[in-house]
**Student:** 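Dumping the structure here so I can ask a few things about it.
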Amino acid sequence: MKRPLRTVRLKQDYKYNDVNDKNYYFFRSDQYNFAKMGVPALFFEDGSLADYHQHTDTGDKIRFDLLSKRAQLIFYTAWEIANSESMLKRDIPLPQ
């Protein structure tokens, strides 16, 4: 794989994958049920604001420069997977 992160120049952050994450985002995501069974799954997250899902969570807070890079990262990642010569490897199941 060509490393899509280098293409869009974003820093990868695993804090939401941590079992000690107080928000437990990854473990509450739809992807978790696949990942815990070893099925390759991607979890793209952009963090959250203090007013996430509140009436003050408005569109003017969107960082469109980062949103564009994230969209490119998802596209390039999917492109690399789709055009790979081999299937993704199944991973060791996560603790339940």
Side-chain angles (χ1 to χ4, degrees):
M1 193 176 288
K2 290 184 179 178
R3 306 287 180 231
L5 279 171
R6 289 185 195 156
T7 304
V8 295
R9 297 193 168 129
L10 282 173
K11 181 183 175 205
Q12 199 166 8
D13 183 350
Y14 291 98
K15 70 182 175 186
Y16 294 124
N17 293 21
D18 188 345
V19 294
N20 297 313
D21 172 40
K22 65 179 180 165
N23 296 306
Y24 224 54
Y25 285 132
F26 175 66
F27 301 93
R28 293 186 294 144
S29 73
D30 295 332
Q31 296 87 336
Y32 176 70
N33 286 309
F34 291 102
K36 76 179 182 183
M37 301 304 291
V39 177
L42 297 171
F43 179 64
F44 293 95
E45 174 62 36
D46 64 350
S48 65
L49 301 171
D51 60 351
Y52 180 66
H53 280 189
Q54 302 297 316
H55 70 283
T56 54
D57 186 4
T58 56
D60 60 310
K61 296 176 184 162
I62 296 172
R63 296 255 334 258
F64 287 99
D65 57 329
L66 290 176
L67 178 61
S68 175
K69 284 187 174 193
R70 287 185 193 109
Q72 290 174 31
L73 174 63
I74 293 167
F75 171 81
Y76 290 132
T77 301
W79 184 269
E80 289 296 323
I81 292 169
N83 290 292
S84 176
E85 294 292 324
S86 59
M87 292 181 60
L88 293 176
K89 294 180 183 176
R90 289 185 64 110
D91 205 348
I92 299 169
L94 297 169
Q96 297 182 17

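Just so it is clear, the model here is predicted, and its values are computed rather than measured. Basis for what follows: all heavy atoms, side chains included, without hydrogens, waters or symmetry-related copies.
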**Student:** Roughly how far, to the nearest 0.5 Å, is CZ of Phe26 from NZ of Lys36?
**Tutor:** 10.5 Å
**Student:** Are Leu42 and Leu67 grouped together when hydrophobic residues (ILVMFWY) are joined by side-chain heavy atoms under 4.5 angstrom apart?
**Tutor:** no
**Student:** Within the structure provided, determine whether Phe44 and Leu73 are in side-chain contact (heavy-atom separation under 4.5 Å).
**Tutor:** yes
**Student:** Indicate whether any N or O donor in one side chain lies under 3.5 Å from an N or O acceptor in the other, for Thr56 and Gln54.
**Tutor:** no
**Student:** Measure the CG-CD1 distance between Asp65 and Ile62 for me, rounded to the nearest 0.5 Å.
**Tutor:** 11.5 Å
**Student:** Return the minimal non-hydrogen interatomic distance between Tyr32 and Phe27, and the atom names on each side.
**Tutor:** CE1-CD2, 3.2 Å
**Student:** If I take atom CZ from residue Phe64 and atom CZ from residue Arg70, how far apart are they, to the nearest 0.5 angstrom?
**Tutor:** 11.5 Å
**Student:** For Ala35 and Ala41, which heavy atoms make the closest approach, and how far apart are they?
**Tutor:** N-CB, 4.4 Å
